[in-house]
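Just so it is clear, the structure is predicted and the values come from calculations on it, not from any experiment.
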Amino acid sequence: MRSGDRPRSSRARYNPRNRLLLVGGVLGLCSLALVGRAFTLQVWNNEFYRHQGDQRILRDIEIPTSRGMITDRNGEPLAVSTPVESVWGNPQELVDAPDRIPELAAALEVPADELMQRITQRADREFMYLKRRINPDQAQAILDRGIPGVYSQREFKRFYPQGEAMAHVLGFTNVDDRGQEGLELAFDEWLKGTPGSKRVIRDSRGRIVENVELVEAAQPGHELTLSIDRRIQYLAFRELRKALERTGAASGSAVVMDVDTGEILAMANLPTYNPNALGGQPADARRNRAVTDVIEPGSTMKPVTVAAGLEAGVITPATTFDTNPGWMPNGRYRTTDHRNYGVLDTTGVIRKSSNVGAAKIVHRLDSGYFYEYLHRLGYGESTGSGFPGESPGVLLEPARWSGTTKQGMSYGYGLSATPLQIASAYAALGNGGRRVQPTFVKGQRNEPRQAIEPAVADEVLRMMQTVTEPGGTATQAAILGYHVAGKTGTARKFNASGGYSRRYTSFFAGLVPVADPRFSMVVVIDDPDPDKGYFGGLVSAPVFKDVMEGALRLMDVPPDDIDTWLAEQEADDARRAAVAPLARAPVPAAQLPASGGVQ
């Protein structure tokens with residue numbers, strides 16, 4: 001055998017056909033495995049993978065809903081939600097288009113480097129707000145630039161048509177349309193509504209290409225009808241502002257209540273703020289002083305002291321009090337009247353606002369009885385109006401009184417109350433002694449509680465009427481055609497050193513008409529300029545008059561002093577009749593101007 005020849009047995013073992021069959025068999029088995037796997041994925045186990053695919057293109061997105069409208073008692077809108085657009089972006093797309101960031105920043109009116117930093121910090125996310133709650137036309141102008149990763153969505157923004165005049169009552173909402181202060185906060189659950197949800201298909205760029213189904217329908221918020229009368233509210237706000245400008249005072253509050261129902265018809269405060277544009281406004285201006293701020297009520301306490309004395313039987317309307325020489329000791333201090341009023345009867349104590357007279361009455365009362373009487377009228381506890389942050393005031397128990405507390409309390413020192421508490425107590429005097437819990441909701445009638453004997457309440461009401469009549473301290477609160485019952489108050493302000501300063505808080509609290517009281521109103525002017533006057537009858541009483549004149553007319557309350565009204569009408573007619581002949585009399589020729597012409 002030659003060395004180059006291979007053995008015949010080796011060639012005999014090589015069989016191309018067998019190798020081809022082997023390769024074909026392996027490929028067939030692989031194909032079968034692939035088909036089996038495809039069958040498993042697409043038929044047998046398709047639900048899992050369909051779900052995984054849907055997760056990448058299907059999204060459940062929220063359907064925004066409008067917050068419930070707030071209206072006044074006559075259906076006038078006070079707070080409404082308007083549709084707006086919020087521009088948002090996908091940071092994962094925005095970082096891939098850095099050359100468009102300056103253009104986007106210019107459209108959003110923000111610095112480009114600041115926007116780039118925000119996007120970079122959120123580069124692992126798919127959502128970030130760029131600009132919220134803007135005009136739909138503004139949002140569309142941004143979208144029209146075609147910047148990748150920029151989209152918009154519908155939201156709602158709260159709008160307050162009455163602006164500053166109603167700010168403290170309503171409060172405001174935050175950027176997510178949730179109540180933050182005032183009645184927006186108190187009734188947030190009622191107003192906010194329930195957002196809906198829908199399932200959509202989004203493409204790789206996050207755009208909605210198809211609405212698949214409605215998952216849950218959106219439920220709008222409930223409407224809220226307040227007891228507030230927009231017209232009376234504006235009157236109170238306007239006259240309060242005039243008073244602050246006239247007196248140079250630091251702040252002021254006014255509360256108007258319906259005596260019978262406890263409904264709050266107006267509540268105004270200054271300084272105020274614009275709830276439609278909160279930026280840059282001091283937080284202090286947002287405080288509803290009529291509900292949250294406590295003040296020593298001054299002489300507005302004297303009718304309550306008199307009522308306690310009458311009900312306890314320690315005095316009668318005819319009881320006299322010798323207030324000479326115009327002061328009396330109170331521990332190491334003095335209780336002093338504005339001047340020496342001499343001998344006064346019980347009505348005179350209220351009419352002349354005698355501190356000495358009130359002190360002599362309270363000395364006849366048991367301390368525990370006097371405390372309980374004040375407590376029955378709501379002093380020292382929240383009125384229950386439901387307003388967020390309402391203060392209960394301060395009324396110490398007798399065990400915590402010092403030797404001068406009781407005497408000072410008889411004329412409004414040594415305790416504190418909110419303007420709303422004072423208005424509520426006076427409403428009880430005008431409601432036959434029945435105290436009704438104040439409310440901001442129209443038609444919400446709370447059960448009255450008898451706080452004062454009806455006969456005593458009526459007697460004190462008649463005494464308070466003399467305050468606004470000639471010889472009283474608040475003749476500027478008188479309203480033509482109506483009998484007005486009221487009480488002035490001028491309280492010195494407590495200072496940080498533990499004493500009383502020469503700054504004042506001026507009050508007027510009143511009821512009208514006396515024959516059948518409809519309104520209780522309290523006006524508080526804080527820290528008026530002493531050089532411009534600070535007595536309650538001079539500072540606060542005119543506000544009461546101007547607001548109540550309008551309220552009585554708007555609510556069609558009939559006059560209860562028709563005789564005075566007719567007498568004034570006759571006097572006006574007589575004055576006009578006296579002036580008319582003079583107006584018609586010929587002018588003597590000597591008094592006529594000389595005629596002339598153009599030369």
Side-chain angles (χ1 to χ4, degrees), residues 164-165 167-168 234-256 266-274 281-302 334 336-339 352-353 355 408 411-413 416-420 422-423 467-468 472-478 486-510 521-549:
E164 295 178 339
H168 293 104
Y234 176 74
L235 280 174
F237 179 77
R238 184 187 69 186
E239 298 306 322
L240 195 63
R241 171 165 282 175
K242 287 181 181 178
L244 263 63
E245 292 172 351
R246 183 180 71 249
T247 64
S251 62
S253 299
V255 178
V256 180
M267 180 179 284
N269 295 275
L270 285 169
T272 186
Y273 66 97
N274 184 358
Q281 299 184 86
D284 183 64
R286 301 175 188 173
R287 195 169 72 246
N288 188 342
R289 301 169 190 271
V291 175
T292 64
D293 285 18
V294 293
I295 44 182
E296 290 185 301
S299 294
T300 61
M301 282 299 298
K302 289 171 185 170
R334 281 184 173 186
T336 307
D337 283 340
H338 180 59
R339 64 181 181 84
K352 295 299 184 182
S353 194
N355 295 337
Y411 50 89
Y413 290 91
S416 61
T418 65
L420 179 59
I422 300 171
V467 172
T468 64
T473 59
T475 55
Q476 293 193 50
K487 186 67 193 74
T488 56
T490 308
R492 291 173 62 180
K493 292 172 66 68
F494 201 75
N495 59 31
S497 62
Y500 286 93
S501 67
R502 290 293 178 183
R503 311 297 293 186
Y504 300 88
T505 302
S506 303
F507 304 86
F508 184 82
M521 182 177 182
V522 171
V523 180
V524 180
I525 306 294
D526 184 49
D527 201 15
D529 185 346
D531 294 334
K532 297 180 179 180
Y534 56 87
F535 288 110
L538 177 67
V539 173
S540 300
V543 178
F544 174 92
K545 174 193 175 181
D546 292 336
V547 175
M548 286 293 96
E549 273 188 334

Sorted by chain and number, sequence neighbours left out, side chain to side chain contact (heavy atoms under 4.5 Å, CB included) with Ala167 holds for Thr272, Tyr273, Pro275
Ionic contact status for Asp546 with Arg238, cut-off 4.0 Å
no
Quick check for you: to the nearest 0.5 Å, what is the distance between Gln476 atom CD and Phe508 atom CZ?
10.5 Å
For the OG1 atom of Thr247 and the CG atom of Asp526, what is their distance to the nearest 0.5 Å?
10.0 Å
Could you work out, with side chain to side chain contact (heavy atoms under 4.5 Å, CB included) as the rule, every residue matching Ala478, not counting sequence neighbours?
none
Nearest atoms (heavy-atom pairs only) where Thr468 meets Gly486
CG2-N, 4.4 Å
For Phe507, give me all partners under ring pair (Phe, Tyr, Trp, His ring centres under 6.0 Å), at least two apart in sequence or on another chain.
none
Which atom pair, heavy atoms only, marks the closest approach of Val523 to Leu240?
CG1-CD1, 4.5 Å
Are Glu239 and Lys242 close enough for a salt bridge, meaning some N to O gap below 4.0 Å?
yes
Mind checking what makes side chain to side chain contact (heavy atoms under 4.5 Å, CB included) contact with Asp529, not counting sequence neighbours?
Asp531, Lys532
Minimal heavy-atom distance between Ser540 and Ser506, with the atoms involved, is OG-O, 3.0 Å
Test ring pair (Phe, Tyr, Trp, His ring centres under 6.0 Å) applied to Tyr504 - qualifying residues, sequence neighbours left out:
Tyr534
Closest non-hydrogen atom pair, Tyr411 against Met301:
C-CB, 4.3 Å
Can you tell me how far CD1 of Ile525 sits from OG1 of Thr490, rounded to the nearest 0.5 angstrom?
11.5 Å
Give me the atom names and distance for the closest heavy-atom approach of Ala243 to Val539.
CB-O, 4.5 Å
Identify each donor-acceptor pair in which a side-chain atom of residues 287-299 lies under 3.5 Å from a protein atom, sequence neighbours left out, and give them as a table.
| from | atom 1 | to | atom 2 | distance (Å) |
| --- | --- | --- | --- | --- |
| Arg287 | NE | Asp293 | OD1 | 2.8 |
| Arg287 | NE | Asp293 | OD2 | 3.3 |
| Arg287 | NH1 | Asp284 | OD1 | 2.2 |
| Arg287 | NH2 | Asp293 | OD2 | 3.1 |
| Asn288 | OD1 | Asn269 | ND2 | 2.8 |
| Asn288 | OD1 | Ala290 | N | 3.3 |
| Asn288 | ND2 | His168 | O | 3.3 |
| Arg289 | NH2 | Asp284 | OD2 | 3.2 |
| Thr292 | OG1 | Asn288 | O | 2.9 |
| Glu296 | OE1 | Tyr500 | OH | 3.1 |
| Glu296 | OE2 | Gly414 | N | 2.9 |
| Glu296 | OE2 | Tyr500 | OH | 3.0 |
| Ser299 | OG | Lys302 | NZ | 2.9 |
| Ser299 | OG | Ser353 | OG | 3.3 |

